[in-house]
Amino acid sequence: MRYEGVIYRPPSEFDSLVIQATIGCPHNRCSFCNMYSDRKFKIRPVADIINDLDMAQLRFGENVEKIFFSDGNTILMKTKNLLTLLRHCYKLFPNLKRVTMYGSAQYINLKTLEEFLKLKKAGLSRIHCGMESGDDNVLKLMNKGFTQDEMLKAATLIKKSNIELSLYYIVGLGGYDLSNQHAVNSGKLISKINPDFIRLRTLIPFKNTPLYKLYTKNKFRLLNPHDALKETKLFVESLDNIDSYFLSDHTSNYCNVNGKFPEDKDKILKELDNKLSLDISSFRSPNAGTL
Ligand code: SF4
């Protein structure tokens, strides 16, 4: 397999074979993100990706049970090419159970339900989608490239096609000014979507990003650990009528709360209260890990 640049994958894909189908991110403009700022977006030729899959088959063969196609927004690839790749994956790896990729709302919305139904049938199992916020002001501030309504439309397409939807929420993305509306509107939007997974991340400002500049000029205030936990509580309280796994599977978070909705909602809220009873000095510094 051949890789270009740093490879990112969700922690939940730790044991997946990672194949780079696209390089970089077609959006590459989110205010908080520097993951792909060192590379120009391109879609690799299908023949090259197939070649990488063939190499992986020689090396790992029957051991491959999961494949994650990186980099950002592989869902943007033409549907016929994605279908070719998916079919090739399942032909090569007899024990393959799951194929996943990243997809943001604006790129999901370029495809029709019929296309997603075909992708599901060919074995696309899960989309990792960086919703980050369900509040239009936060989405605009972070230059996400989609609105709350567009996120709902994209999520509906994925849900209707029975592809699993893994949605990400970033605690603190609205800073102090937008914290409450970020939490409440994100909770309301997710309650309409009912994703399979809700995954928490906590904002850490990365160097060389527009957000980092705002932060260093004191135009964006990072939540302290207690306020980040309070925002998380408000977010959890706003989640209603969903049947989703709630996972705090990232080192950026101040709490490690996990569970299944609706049954674990009270347990999660209690765990957040327990965390809130700890002295603020027992948490990492809000800008620890700034890269
Ligand atoms: S869409 Fe994702 S990968 Fe692309 S810039 Fe935004 S956060 Fe980064």
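Here the closest non-hydrogen pair linking Cys129 and Ser104 is SG-CA, 4.4 Å. Between Gln106 and Lys144, the closest heavy-atom pair is NE2-O, 3.0 Å. The two atoms that bring Leu203 and Arg284 nearest to each other are O-NH2, 4.4 Å, heavy atoms only. Closest non-hydrogen pair, Asn109 versus Glu150, comes out as ND2-O, 3.0 Å. Summarising the geometry of Phe220 relative to Met142, their closest heavy-atom pair is CE1-CE, 3.9 Å, with the distance given to 0.1 Å. Smallest separation of non-hydrogen atoms from Leu239 and Ser191: CA-OG, 3.5 Å.
Side-chain N/O atoms of Ser125 and Thr100 include no donor and acceptor closer than 3.5 Å. For the 3.5 Å distance criterion, the side chains of Lys118 and Thr79 fail to qualify, holding no donor opposite an acceptor. If you check the side chains of Ser166 and Arg199, you find a donor sitting under 3.5 Å from an acceptor. Asp71 and Tyr8 share no donor-acceptor pair across their side chains, judged by distance under 3.5 Å alone. Defined by atom type and a distance below 3.5 Å, a donor-acceptor pair is missing between the side-chain atoms of Asn51 and Asp54. Counted by atom type alone, Asp135 and Gln181 present one or more donor-acceptor pairs between their side chains at under 3.5 Å. Asn287 and Ser285 share a side-chain donor-acceptor pair at under 3.5 Å.
When side chains are defined from C-beta on, Lys159 counts as touching Asp196, because their heavy atoms get closer than 4.5 Å. Using a 4.5 Å cut-off on side-chain heavy atoms (C-beta onward), Leu200 and Leu247 make no contact. Contact of the Lys260 side chain with the Ile242 side chain is not registered, since no non-hydrogen atoms from C-beta on lie closer than 4.5 Å. Contact of the Val99 side chain with the Phe68 side chain is not registered, since no non-hydrogen atoms from C-beta on lie closer than 4.5 Å. The closest side-chain heavy-atom distance from Asp273 to Lys233 is below 4.5 Å. Looking only at side-chain heavy atoms (C-beta outward), Arg126 and Phe197 come within less than 4.5 Å of each other. Side-chain contact between Ser179 and Asp227 is absent, with no heavy-atom pair separated by less than 4.5 Å. Using a 4.5 Å heavy-atom cutoff, the side chains of Asn143 and Pro210 are not in contact.
His226 and Phe283 have perpendicular rings, their planes meeting at more than 60° on a 0 to 90° scale where under 30° would count as parallel. Under the 30°/60° scheme for interplanar angles, the aromatic rings of Phe235 and Tyr169 are found to lie parallel.
Remark: Asp240 does not engage Lys188 in a salt bridge, criterion side-chain N to carboxylate O under 4.0 Å. By the 4.0 Å N-to-carboxylate-O rule, Asp249 lies close enough to Arg201 to be salt-bridged with it. Note on Lys120 versus Glu164: no salt bridge recorded, every NZ/NE/NH1/NH2 to OD/OE distance being 4.0 Å or above.
Remark: side-chain polar atoms of Tyr3 are paired, donor with acceptor, to backbone N or O of Val18 under 3.5 angstrom. A donor-acceptor pair under 3.5 Å links the side-chain atoms of Asp136 to the main chain of Gln148, judged by distance alone. Of the possible donor and acceptor atoms, none in the side chain of Asp38 sits under 3.5 Å from a partner among the backbone N and O of Gly5. At least one donor-acceptor pair closer than 3.5 Å links the side chain of His182 to the backbone N or O of Ile170. Judged by distance alone, with hydrogens and angles left aside, the side-chain atoms of Asp52 form no donor-acceptor pair with the main-chain N or O of Ile19 at under 3.5 Å. Listed for the Ser248 side chain is a donor-acceptor partner under 3.5 Å among the backbone atoms of Cys255. Lys207 places no side-chain N or O within 3.5 Å of a backbone atom of Asn34 that could act as its donor or acceptor partner. Formation of a donor-acceptor pair under 3.5 Å by the Thr84 side chain with backbone atoms of Lys80 is found in this model. Side-chain N or O atoms of Thr209 include none that pairs as donor or acceptor with a backbone N or O of Phe32 at under 3.5 Å. Glu65 places no side-chain N or O within donor-acceptor distance of the main-chain N or O of Leu96, the cut-off being under 3.5 Å.
Residues Ile75 and Leu110 share a hydrophobic cluster, clusters being chains of Ile/Leu/Val/Met/Phe/Trp/Tyr side chains in contact below 4.5 Å. Under the 4.5 Å side-chain contact rule for hydrophobic residues, Tyr107 and Leu83 share a cluster.
When His128, Met131, His250 are each tested for a side-chain contact (heavy atoms from CB on, under 4.5 Å) with Tyr168, only one passes: His128. Applying the side-chain contact (heavy atoms from CB on, under 4.5 Å) test between Met101 and each of Leu85, Leu119, Thr74, Thr22 identifies Thr74 as the sole match.
With a 6.0 Å radius and a threshold of 12 heavy atoms from other residues, nucleotides or ligands, Lys267 has its NZ atom above the threshold. The environment of Arg59 atom CZ is sparse: at most 12 non-hydrogen atoms of other residues, nucleotides or ligands sit within 6.0 angstrom.
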Verify side chain to side chain contact (heavy atoms under 4.5 Å, CB included) between Asn224 and Tyr176, making sure each step is shown before the conclusion. CA-CA 9 Å; Asn224 72 35; Tyr176 274 93; 3.5 Å; yes
I would like to know whether Ile193 and Leu152 meet side chain to side chain contact (heavy atoms under 4.5 Å, CB included); could you show each step before the answer? CA-CA 7 Å; Ile193 293 172; Leu152 180 59; 3.8 Å; yes
For side chain to side chain contact (heavy atoms under 4.5 Å, CB included), just list the numbers for Leu167 and Leu165, CA-CA rounded to whole Å, side-chain angles, deciding distance to a tenth of an Å, and then say yes or no. CA-CA 6 Å; Leu167 274 193; Leu165 181 61; 4.1 Å; yes
Between Tyr215 and Leu222, does the side chain to side chain contact (heavy atoms under 4.5 Å, CB included) criterion hold? Intermediate values first, please. CA-CA 8 Å; Tyr215 162 66; Leu222 282 182; 3.6 Å; yes
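Residue Leu234 belongs to a hydrophobic cluster whose other members are Val184, with links defined by side-chain heavy atoms closer than 4.5 Å.
For the salt bridge (Lys or Arg N to Asp or Glu O under 4.0 Å) condition, the pairs that include at least one residue of residues 13-37, sequence neighbours left out, are Glu13-Arg98, Asp15-Lys66.
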